[in-house]
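Below: the structure, in structure tokens.
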2 protein chains.
Amino acid sequence: MSTADRLIDATSELLWERGYTGTSPKAIQRLAGAGQGSMYHHFAGKQDLALAAIRRTAEQMRSAAEADLAGPGTAVERIERYLLRERDALRGCPVGRLTQDPDIVASAELRAPVDELFDWLRARLTSVVEQGRAAGEFEASLDPAAVGAAVAAAVQGGYVLARAAGSAEPFEQAVRGAVSLIRAARS
Amino acid sequence: MSTADRLIDATSELLWERGYTGTSPKAIQRLAGAGQGSMYHHFAGKQDLALAAIRRTAEQMRSAAEADLAGPGTAVERIERYLLRERDALRGCPVGRLTQDPDIVASAELRAPVDELFDWLRARLTSVVEQGRAAGEFEASLDPAAVGAAVAAAVQGGYVLARAAGSAEPFEQAVRGAVSLIRAARS
DNA sequence: GTCTATACCCCGATAGAC
DNA sequence: GTCTATCGGGGTATAGAC
């Protein structure tokens, strides 16, 4: 594995755990086993490295969600598969986490991949709900975009509740609650 | 207004905007218009000041939620009032935000008020759902704790989506989606 | 490509004068 | 109560040798 790859790995890990503001070049170098000069040879600086790490992580999340949502089954089944996928509730979402970082939100460049991921996710969930509605699974009055956003929010909000509690339990409750409400909306 | 109060105000503001890790004593002093010596006279340090600020903010959030949930109306109406209350989606939740701060989660003392607020909120929402179920508003099969957690998560997750998008729109969609799903669960 | 040296500023806190 | 001085350390980056 190349030094550049190890630097990106280390940065992803630290961004997840400590956020952008809380992650220093020195910490990245230590975790990657790379020296100061090495890091600044491969990347222009902290922001450049973070951008590479965020892009890669966002792409991985997109793939994971797509695997749940594009698989076999009815719309309700696919949404349930997305909601009930096993997640490390206490670690939180490696991309959603970044929305709380002032330096990420303040930088158009750093926010872009985060924006694109959640934009895609809401649209993808919305399309599944639309398919379900077209197939007669859901009440016709349901707003697909609103339900899509609510499903994405259940997961992201579940992480917040779990981290506040120091326990995975509230996350599990939130996604189970979302599942039961989705089921209740079937026609 | 006393210097101590201005310091707490400034700290609350900065914790909301920049989090614990991103907030420095110097920035607090500047915003409060207080000197170094003044701050360390009134508070033992950054953590002590943050604790006072977080406790106060959590209490304000609790009051606001209680006002929505204890008011008149059916269970469904009260939950809708909570979900649809006007919020500054792009600023996010001043308490929920702290769950992404590694130093907050790592400190039992700093996490305690955050934990207590969300613990209370989930329990309060759960009790409203229970009341609704007892009154025949909801299907009897609904799990109150799960639905309560899902409602809290819709708001917290809505903030994440809004900040990712740089727009309040996804937040509004998420809470509207939650409302429509709650309505669909009526018996 | 990687190393060490250096720079400049901020962090969080303490000390002691006033 | 508030001020200034001071401290040891880290943040983020550049320079130039190897």
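Chain letters run A, B, ... following the sequence lines, proteins first, then strands; residues in each count from 1.
With a 4.5 Å cut-off on side-chain heavy atoms, Tyr20(B) and Gln47(B) count as touching. With a 4.5 Å cut-off on side-chain heavy atoms, Val76(B) and Phe138(B) count as touching. Side-chain contact check for Leu51(B) versus Pro113(B): some heavy-atom pair is nearer than 4.5 Å. Using a 4.5 Å heavy-atom cutoff, the side chains of Met61(B) and Trp120(B) are not in contact. Looking at Val105(A) and Gln100(A), their side chains never come closer than 4.5 Å, going by heavy atoms from C-beta outward.
Ion pairing of Asp9(B) with Arg56(B) is present here, as a side-chain N (NZ or NE/NH1/NH2) and a carboxylate O approach within less than 4.0 Å. Glu59(B) has a carboxylate O that lies under 4.0 Å from a charged side-chain N of Arg62(B), or vice versa, which qualifies the two as a salt bridge. Salt-bridge check for Glu13(B) with Arg91(B): passed, with a basic side-chain N closer than 4.0 Å to an acidic carboxylate O.
In this model, the phosphate group of dC3(D) is not approached by any side-chain N or O of Ser38(B) to a distance below 4.0 Å at OP1 or OP2. Residue Thr3(B) places at least one side-chain N or O closer than 4.0 Å to OP1 or OP2 of dT2(D).
Following rounding to the nearest Å, Asp48(B) (CG) and dT14(C) (P) show an atom-to-atom distance of 12 Å. Nucleotide dA13(C) holds its P atom 8 Å from the NZ atom of Lys46(B), rounded to whole Å. Rounded to whole Å, atom C1' of dT12(D) lies 13 Å from atom CG of Leu49(A). Between the C1' atom of dT14(D) and the CE atom of Met39(A) lies a distance of 12 Å, rounded to the nearest Å.
Of the residues in residues 8-25 of chain A, those placing a heavy atom less than 4.0 Å from an atom of DNA chain D are Thr23(A), Ser24(A), Pro25(A), in numerical order. Contact check of residues 26-34 of chain B against DNA chain D (heavy atom, cut-off under 4.0 Å) returns no residues at all.
None of Arg183(A), Arg176(A), Arg85(A), Arg186(A) except one satisfies the salt bridge (Lys or Arg N to Asp or Glu O under 4.0 Å) rule with Glu80(A); the exception is Arg183(A).
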Test log, rule side-chain contact (heavy atoms from CB on, under 4.5 Å), inputs Thr99(A) and Ile104(A): CA-CA 7 Å; Thr99(A) 62; Ile104(A) 298 272; over 6 Å; no

side-chain contact (heavy atoms from CB on, under 4.5 Å) assessment of Arg124(A) paired with Val128(A): CA-CA 6 Å; Arg124(A) 191 70 184 82; Val128(A) 175; 3.6 Å; yes

Pairs under 3.5 Å (N/O, protein and nucleotides 4-7 of chain C):
none

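Nucleotides of DNA chain D nearest to His41(B) and Tyr40(A) differ in position, and the one nearer the 5' end is that of His41(B).
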